[in-house]
**Student:** 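Please find one structure pasted underneath; my questions will follow.
First the proteins, then the strands, lettered A, B, ... as listed; each starts at 1. The model shown is predicted, which means the values in this text are computed figures rather than measured ones.
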2 protein chains.
Amino acid sequence: MRISTRGKYGVRAMLELAMGYGQGPIPLKVIAERQQISEHYLEQLMGTLRRAGLVNSVRGAQGGYELAFPPGEIKIGQIIRVLEGPIAPVECVEDGVDPACERFEACATRLLWERLRDSMTEVLDSTTLADLCEDAASL
Amino acid sequence: MRISTRGKYGVRAMLELAMGYGQGPIPLKVIAERQQISEHYLEQLMGTLRRAGLVNSVRGAQGGYELAFPPGEIKIGQIIRVLEGPIAPVECVEDGVDPACERFEACATRLLWERLRDSMTEVLDSTTLADLCEDAASL
DNA sequence: GGAATCCCTATGGGTTTACTCGGGATTGGT
DNA sequence: ACCAATCCCGAGTAAACCCATAGGGATTCC
């Protein structure tokens, strides 16, 4: 029941961008240094986040990345979904999937997985980058 | 954010045992057939569950597996922990681990992961096999 | 004794993870 | 015009993990 480094690094990088929001783009190198993440690897994650529309990139010298929206409008769940895929403990309770489930007992476990999915979604979608910035400030 | 087949199969197998609780041991073959799980693979999972004390095994002809406790006393969280490891989205919020975390921003994300862990734990530890049996009965 | 069981270790193919590498495209500063 | 700082992209890779499969050994009921 772990998220991978993609989700972990992604959230950390996005928090970094959130803390510098409104002050121009932040270069990858700086994010990677501050968060101690392999630069080349983080680059791939940022590419994914950019294609998903969560960050904008500015190419060339003095370029870098910045959030596509204010921190208060970006939910952690969005980041996770982009980098880790659907938030669902098992495939058959993914959003939008409605498989004809054969085993009737399986449905009992399915209710369980749905409850788990919902509680995970609740936490991840009720927290924004702005919330994490506040948390960071009060530490 | 997926559990593996170990957790899935494990819960399904345990539910099968719960539904036959008090009626003698159920052979692996039957569980595997009813739940459509590879027999040999399930055997390994049952071995793990047995060594963890969640099921008892009866060897020899007419043998099989049975729950070590009544269904109402076995939480899904116990099964998951045995088969999947600690319930924690990231390593640093595992129970009993208190790492000196270097990055102060990391602590902001750590609060998030703790909230996620807690909400997952809440669901999994508040549901017992008896609850799943009820769910199954009312379908 | 034999069939039905559980028990154990080893192995293997496929996928995923977490990177690394090398080069190309774009842009600001001088 | 040039150069350095950036982002962009695709390939490659070693290790780990997942999901089994294989084959035999030990135990117990009938």
Side-chain angles (χ1 to χ4, degrees), chain A residues 1-13 16-17 20 24-68 80 82-86 89-91, chain B residues 1-13 16-17 20 24-68 80 82-86 89-91:
Chain A
M1 285 304 260
R2 291 280 174 77
I3 65 168
S4 67
T5 56
R6 279 199 290 277
K8 263 192 295 189
Y9 290 176
V11 171
R12 270 160 56 188
E16 200 66 48
L17 293 184
I26 304 177
L28 184 70
K29 196 178 176 183
V30 172
I31 307 174
E33 239 161 48
R34 290 215 267 249
Q35 291 292 335
Q36 316 215 65
I37 301 171
S38 147
E39 201 176 325
H40 245 42
Y41 184 45
L42 182 56
E43 194 172 28
Q44 294 174 43
L45 307 184
M46 295 310 291
T48 305
L49 291 167
R50 177 181 50 81
R51 283 185 290 273
L54 291 182
V55 302
N56 294 324
S57 62
V58 181
R59 300 181 75 168
Q62 269 66 48
Y65 294 92
E66 55 195 0
L67 296 185
I80 297 294
V82 165
L83 294 171
E84 300 266 339
V90 299
E91 196 190 355
Chain B
M1 288 303 263
R2 291 280 173 77
I3 65 169
S4 68
T5 55
R6 281 198 290 275
K8 263 192 296 188
Y9 290 177
V11 172
R12 271 162 51 191
E16 200 66 49
L17 293 185
I26 304 178
L28 184 69
K29 196 177 175 184
V30 172
I31 307 173
E33 238 161 49
R34 289 215 268 249
Q35 291 291 337
Q36 315 214 64
I37 301 172
S38 146
E39 201 175 326
H40 243 41
Y41 184 45
L42 182 56
E43 193 171 30
Q44 294 174 45
L45 307 183
M46 295 309 291
T48 305
L49 290 167
R50 177 180 51 82
R51 282 185 291 272
L54 292 182
V55 301
N56 293 325
S57 61
V58 180
R59 300 180 76 169
Q62 269 66 48
Y65 294 91
E66 55 196 357
L67 296 184
I80 297 295
V82 164
L83 294 171
E84 300 266 338
V90 299
E91 197 190 355

**Student:** Take atom NZ of B:Lys29 and atom P of C:dA4, then tell me their distance rounded to the nearest Å.
**Tutor:**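 Result: 7 Å.
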**Student:** Which nucleotide wins on minimum distance to the side chain of A:Tyr41, given the candidates D:dC7, C:dA4, C:dC19?
**Tutor:** C:dC19
**Student:** Roughly how many Å is it from NZ in A:Lys8 to P in C:dA18, rounded to a whole number?
**Tutor:**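 About 7 Å, once rounded to whole Å.
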**Student:** Closer to the 5' end of DNA chain C via nearest nucleotide, is it A:Ser4 or A:Arg59?
**Tutor:** A:Ser4
**Student:** Can you tell me which residue among B:Gln35, B:His40, B:Glu39, B:Glu33 is in a side-chain contact (heavy atoms from CB on, under 4.5 Å) with B:Ile37?
**Tutor:**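 One option only clears the test, and that one is B:Gln35.
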**Student:** Examine D:dC8: is either OP1 or OP2 under 4.0 Å from a nitrogen or oxygen in the side chain of A:Ser57? Give yes or no.
**Tutor:** yes
**Student:** Of the candidate nucleotides D:dC18, C:dG22, D:dT21, which contains the atom at the shortest distance from the side chain of A:His40?
**Tutor:** C:dG22
**Student:** Mind calculating the distance between CZ (A:Arg2) and P (C:dT17) to the nearest angstrom?
**Tutor:**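 Rounded to the whole Å, the gap is 14 Å.
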**Student:** Check whether the side chain of B:Gln44 and the base of C:dC8 form a donor-acceptor pair under 3.5 Å.
**Tutor:**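 No such pair is found, so the answer is no.
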**Student:** Whole Å only: how far is the CG atom of A:Leu45 from the P atom of D:dC7?
**Tutor:**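 Atom-to-atom, A:Leu45 to D:dC7, this comes out as 14 Å.
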**Student:** If I compare all heavy atoms of A:Met46 with all of A:Leu17, which pair ends up nearest, and what's the gap?
**Tutor:**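 Smallest heavy-atom distance, with atoms named: CE-CD1, 3.9 Å.
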**Student:** Specify the separation, in whole Å, of atom CD1 of B:Ile31 and atom P of C:dT5.
**Tutor:** 12 Å
**Student:** Consider the side chain of A:Thr5, meaning its heavy atoms from C-beta on, and name the nucleotide among C:dC6, C:dT5, C:dC19 that approaches it most closely.
**Tutor:** C:dC19
**Student:** Report yes if a donor N or O on one partner sits less than 3.5 Å from an acceptor N or O on the other, where the partners are the side chain of A:Glu43 and the base of D:dC7; otherwise report no.
**Tutor:**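 Answer no: no donor N or O sits under 3.5 Å from an acceptor.
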**Student:** Could you tell me the separation between the CZ atom of B:Arg51 and the C1' atom of C:dT9, rounded to a whole number of Å?
**Tutor:**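 Between C1' of C:dT9 and CZ of B:Arg51: 11 Å.
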**Student:** Are side-chain heavy atoms of B:Pro25 and B:Tyr65 found at a separation under 4.5 Å?
**Tutor:** no
**Student:** Nearest whole angstrom, please: distance from the C1' of D:dA20 to the CE of B:Met46.
**Tutor:**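 Value for this atom pair: 17 Å.
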**Student:** Map A:Tyr65 and B:Glu39 onto DNA chain D by nearest heavy atom, then report which one ends up closer to the 5' terminus.
**Tutor:**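 Its nearest nucleotide lies further toward 5', so the answer is A:Tyr65.
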**Student:** To the nearest Å, give me how far apart CG (A:Leu42) and P (C:dT17) are.
**Tutor:** 17 Å
**Student:** What nucleotide among C:dA18, C:dA3, D:dA5 has an atom nearest to a side-chain atom of A:Ala61?
**Tutor:**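 Out of C:dA18, C:dA3, D:dA5, the nucleotide with an atom closest to A:Ala61's side chain is D:dA5.
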**Student:** State, to 0.1 Å, how close A:Arg6 and A:Leu45 come at their nearest heavy-atom pair, and which atoms those are.
**Tutor:**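 In terms of heavy atoms, the two residues are closest at CG-CD2, 3.5 Å.
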**Student:** What nucleotide, of D:dC7, D:dC29, D:dT21, holds the atom closest to the side chain of B:Ser38?
**Tutor:** D:dT21
**Student:** So, OP1 or OP2 of C:dT17: does either fall under 4.0 Å of a side-chain N or O from A:Arg6?
**Tutor:**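 Yes, because at least one side-chain N or O of A:Arg6 sits under 4.0 Å from OP1 or OP2 of C:dT17.
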**Student:** Could you tell me whether the side chain of B:Glu84 and the main chain of B:Gly7 form a donor-acceptor pair under 3.5 Å?
**Tutor:** yes
